[in-house]
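Since the model is a prediction, treat every value here as computed from it, not as a measurement.
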Amino acid sequence: MARDYDIVDIEKKWQERWRESGLYEVSNDDPRERFYALNMYPYPSGSAHQGHVRNYTFGDLVVRYQSMKGKAVLSPFGFDSFGLPAENAAIKAGSHPRIFTDQRMAELKESVQRLGAVYDWRREVFSHDPAYMRWSQEIFLTFLENGLAYRAQAPVNWCPSCATVLANEQVVGDGVCDRCGTAVVKKDLEQWFFRITKYADELLESVDDLEWPERVKTMQRNWIGRSEGVEFDLPFVGHDLALRVFTTRPDTGFGVTYAVMAPEHPLLATVTTDEHRAAVTDLVARARAATDMERTASSDSGDNLSKRGAFTGAYVTNPFTNQPVPVYVADYVLGSYGTGAIMAVPAEDERDHAFALVHGLPIIRTIETPDGHEGPYNGDGVHINSGFLDGLDVAEAKKKAADFLAQSANGIEKVNFRLRDWLVSRQRFWGCPIPVIYCAGCGIVPVPREQLPIVAPDDVKMDQTGQSPLATHEPFWRTTCPTCGGEARRETDTMDTFTDSSWYFLRFADPFTEGKAFDPEVVAKWMPVDQYIGGIEHAILHLLYARFYMKALIDTGLATGIEREPFRRLFTQGMIRMDGAKMSKSKGNLVTPGQYYATVGADGLRLFHLFVGPPADDVDWTSQTDEVIDGCGRFLHRLYRLAHGEGVILRETEAEGDLAMRRQIHKTIAKVTDGLDRWTYNTSVAALMELLNAVSKYAREGDGARRDIFDEAIDTMLLLLAPMSPHLTSEMWEERHGEGQFVHAQSWPVADPELLVDEDVVMVIQVAGKVRARATVATTISEDEAIAIALAQPEVQALLNGATPSRVVARAPKLVNIVP
RNA sequence: GCCCGGAUGGCGGAAUGGCAGACGCGGAGGACUCAAAAUCCUUUGCCUGAGAGGGCGUGUGGGUUCGAGUCCCACUCCGGGCACCA
């Protein structure tokens, strides 16, 4: 047997070479066409698992492929290093989150390097680096100055047992505290918000232009949730007040038989009559105490609903009918959406219908239902019982009703969004401190920029039952007002870690500039990200927040001359699953990559992840998986042995089969390239396997291979495989072309168009759509010639039995279909 | 409930409206070996047939087409997202 290789040695050697050579360091003034490839900012969770391997295999393939295509590729790496897991681990161990985080960052970094993924490590960024925090905080201040950050009272998650505020992520399962299991309730606290709703329209509209997976785009659209309707007044009977409501169905106004206020509605106490006050107060108290789960539970049992609504004793006048209708309070109406009150149309709205049944409220149909329809109907139809709207369809009636409300009830057409402003305050320690100071005299005072970054001290007790850990550290929060010099108090909340991951890609583009977050000119050179790669779990929040940041940074002048969308193309990879569950550390079903490095190497494991199926699909890790991984390793060994001439017969003379071999080489170039461009990596790998099979046959059987064609075949395979399995291809390329030759520094091969077209082709001859014969014909054959050949086939003659075909379809040179 | 995906051999999967099942895994048989591993070769959708061959076949039922895994309509099941947002 020909000599074989030691994959562990080879991978070690090349990983060192790549580190030393700086092959993937890219300068900001590189004149080549730019390409920004980016994997999503990872949370440093320690050694890489298969999900990481998959993610970074795809990312590294893009980097090396685009680089071989002659682009200046920006390939940075960093860590989303703030966050709860480190804080919780530190509390448990009586340690500091930084210790955990730094260690886990080192582990993940080591893992991606062991995989052979290459980055420009000079650009490394991590969220808890004071040099990064400085700019995270400055961006906050800029948002504050521009009215994009504001402070407001908001209901937060409160654990009565721990007496502390919880971040959303700490509320688990059925709305209970993840520490003690107590039901979480809402409590109003002053919180910081980012005004993301200012961009709701733009965030929604520009989704259309993104080259993103359709389902991610849909999820973004649903989350933003735009709806058009009318806002108008329902005047209270006996008060000089009106209940303002929002509806998308003004056309159903004649069917309004009651109105509903949210428990949080500011007018509720005023309009409630004394007779009903006790019941209303009771309901409001229970709504506030209810967990989100209870309140939004969609169990439409009448029992449940009856508890959740109460009559206020008040009436409003329906402007359509001029009749009074009762006003209820119910927690199925949200204080935070629309006007916090609705007109209820039980005949045409499911929720109103269910509520009306329980409370014995009248139901008046205003739209003719299809035959046999029962229950609420929200489809199109002709209006009935609707005065001036009778006979109109929904679209016509909406328009007319909106006009009517504009004249008679202060109606205005209004667009509402499901999207709320982004609550960024977190009562946690391991995050970026919010850089403001509270002064009794001056109010909210931004920390002067020259005092940034505000970094939390190390000696903070995190395991507190109270509010933010930083609030227990007096030397931190006690300060003086930068404006008046008086006693003041620092903000002790930290920012949501999603703020850190909302601009890191800009810092990657320019981590070198001192004195600002980034140089807008440099950033404009690299942005937008050409290929963003990550998990589907970030389909909504991270991507939405980063999109918002980009727009806000442009509008506040921090970024200029740059596209308003940060990520031009997005690819979301599938999950790794085992026994139906997502493979994850918390589920304890990890299959670590380490065990494969000794057998098939990182190269073989990478090849497996590319080959196992379409990159976007989930991967089921089964009992067969190890065999498939071995198969990928086997392919690499077969290539190596063939290249080293095992069983190969070489000749200088020409022979039959030479041209066919060259054709297949060039067809493979086209196929692999197409697969890489279309993210169908599994087919690219398959094409390489096919080529290897063919070359093996060509070189080992009969007359053997012409030397130059054999070399062309091997070199082409190495080039095409280089982005997938970079170590072995590097080693083999160096063996073949000499010390100092990098396969990844070569140009990506280009298929010769003349070799993509065959001289002869097998034409399929069908009778009535079934294949009955085949004939080898020239590619240039005419339709008439094709038909003549087809009709001459004995199989065709037999089936036609002398009859004249009723129809003959020719698609020369591929197919002729004869219809008897 | 609404929205988005998906369904192809024993398995992962391939296939511009034109030979369904490329490629790989697994299986079967063989070569090499004292033997095994490794490697190599042959074979492998299902039914039928000794064989040549024939028939069937891409979740179900219709449709368009000379021709449908692919396009259209209706449905079933599976996965995911959203869900009192008026």
Can you classify the ring geometry of A/Trp422 versus A/Tyr545 as parallel (below 30°), tilted (30 to 60°) or perpendicular (above 60°)?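 Rings of A/Trp422 and A/Tyr545: parallel, under 30°.
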
Can you tell me how the ring of A/Tyr5 sits relative to the ring of A/His637, calling it parallel under 30°, perpendicular over 60° and tilted otherwise? parallel

With a 3.5 Å limit on both atom pairs, tell me what [N] is paired to, counting Watson-Crick and G-U wobble, or say none.
| N | answer |
| --- | --- |
| B/U76 | B/A7 |
| B/C46 | B/G55 |
| B/G17 | none |
| B/A83 | none |
| B/G29 | B/C41 |
| B/G67 | none |

Between [M] and [N], how far apart are the [atom1] atoms? Round to whole Å, please.
| N | M | atom1 | value |
| --- | --- | --- | --- |
| B/A7 | B/U16 | P | 14 Å |
| B/G61 | B/A68 | P | 15 Å |
| B/G57 | B/G69 | C1' | 11 Å |
| B/C72 | B/G79 | P | 25 Å |
| B/A31 | B/A15 | P | 38 Å |
| B/G6 | B/U70 | C1' | 15 Å |
| B/G62 | B/C11 | C1' | 32 Å |
| B/U60 | B/U8 | C1' | 15 Å |

[N], OP1 or OP2 - any side-chain N/O from [X] closer than 4.0 Å?
| X | N | answer |
| --- | --- | --- |
| A/Arg641 | B/C40 | yes |
| A/Thr622 | B/C11 | no |
| A/Arg215 | B/C4 | no |

Pair A/Thr197, A/Asp421: side-chain N/O donor-acceptor within cut-off below 3.5 Å: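 Side-chain D/A pair, A/Thr197 to A/Asp421: present.
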
Do A/Arg420 and A/Ser336 get their side chains close enough for a donor-acceptor pair, meaning under 3.5 Å?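 There is such a pair (donor and acceptor under 3.5 Å, judged by atom type) between the side chains of A/Arg420 and A/Ser336.
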
Step-by-step ring-ring contact (aromatic ring centres under 6.0 Å, His included) determination, A/Tyr332 to A/Phe355: CA-CA 9 Å; A/Tyr332 80 90; A/Phe355 190 84; 5.3 Å; yes

Does a sphere of radius 6.0 Å around CZ in A/Arg215 hold more than 12 heavy atoms from other residues, nucleotides or ligands, not counting ones at 6.0 Å or beyond?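 No - once you tally the heavy atoms of other residues, nucleotides and ligands closer than 6.0 Å, there are 12 at most.
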
Reckon [X] touches a base, only the sugar-phosphate, or nothing at all at heavy-atom distances under 4.0 Å?
| X | result |
| --- | --- |
| A/Arg420 | base |
| A/Lys217 | nothing |
| A/Pro213 | nothing |
| A/Thr680 | nothing |

Of all heavy-atom pairs between A/Asp233 and A/Pro319, which one has the smallest distance, and what is that distance?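 Result for this residue pair: O-CG, 4.3 Å.
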
Rounded to whole Å, how long is the line connecting atom [atom1] of [X] with atom [atom2] of [N]?
| X | N | atom1 | atom2 | value |
| --- | --- | --- | --- | --- |
| A/Gln766 | B/G17 | CD | C1' | 12 Å |
| A/Leu610 | B/G13 | CG | C1' | 15 Å |
| A/Lys667 | B/A15 | NZ | P | 17 Å |
| A/Glu214 | B/G6 | CD | P | 11 Å |
| A/Tyr332 | B/A86 | OH | P | 13 Å |
| A/Lys814 | B/A15 | NZ | P | 14 Å |
| A/Leu815 | B/A20 | CG | C1' | 15 Å |
| A/Met219 | B/G5 | CE | C1' | 11 Å |

Nearest 0.5 angstrom please: A/Leu361 CG to A/Tyr328 OH, how far?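 If we round to the nearest 0.5 Å, A/Leu361:CG and A/Tyr328:OH are 4.0 Å apart.
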
Could you check A/Gly769 against A/Glu228 and say which one's nearest nucleotide on RNA chain B is further toward the 5' end?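 First, find each residue's nearest nucleotide; the 5'-ward one identifies A/Gly769.
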
5'-most contact on RNA chain B: A/Thr247 or A/Arg807, nearest heavy atom basis? A/Arg807

With a 6.0 Å cut-off on ring centres, are A/Tyr337 and A/Phe417 close enough? no

With ring centroids as reference points, do A/Trp679 and A/Phe571 lie under 6.0 angstrom apart? yes

Considering only side-chain heavy atoms of [X], which listed nucleotide, [options], is closest?
| X | options | result |
| --- | --- | --- |
| A/Val764 | B/C66, B/A86, B/C19 | B/C19 |
| A/Thr248 | B/G18, B/C19, B/A86 | B/A86 |
| A/Val771 | B/C4, B/A86, B/A20 | B/A20 |

Does NZ or CZ of A/Arg577 fall inside the cone over A/Trp621's six-membered ring, less than 6.0 Å from its centre and within 45° of the axis? no

Along nucleotides 21-26 of chain B, 5' to 3', which nucleotides get a B, which get an S, and which get a -, given that the test is a protein heavy-atom distance under 4.0 Å? -BBSBS

Can you tell me whether the side chain of [X] and the base of [N] have a donor-acceptor pair closer than 3.5 Å?
| X | N | value |
| --- | --- | --- |
| A/Arg811 | B/G18 | yes |
| A/Asn222 | B/C82 | no |
| A/Arg774 | B/C19 | yes |

Kindly label the base of B/G9 as syn or anti, based on whether its glycosidic torsion lies within 90° of 0.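 Syn conformation here, the glycosidic angle of B/G9 being no more than 90° from 0.
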
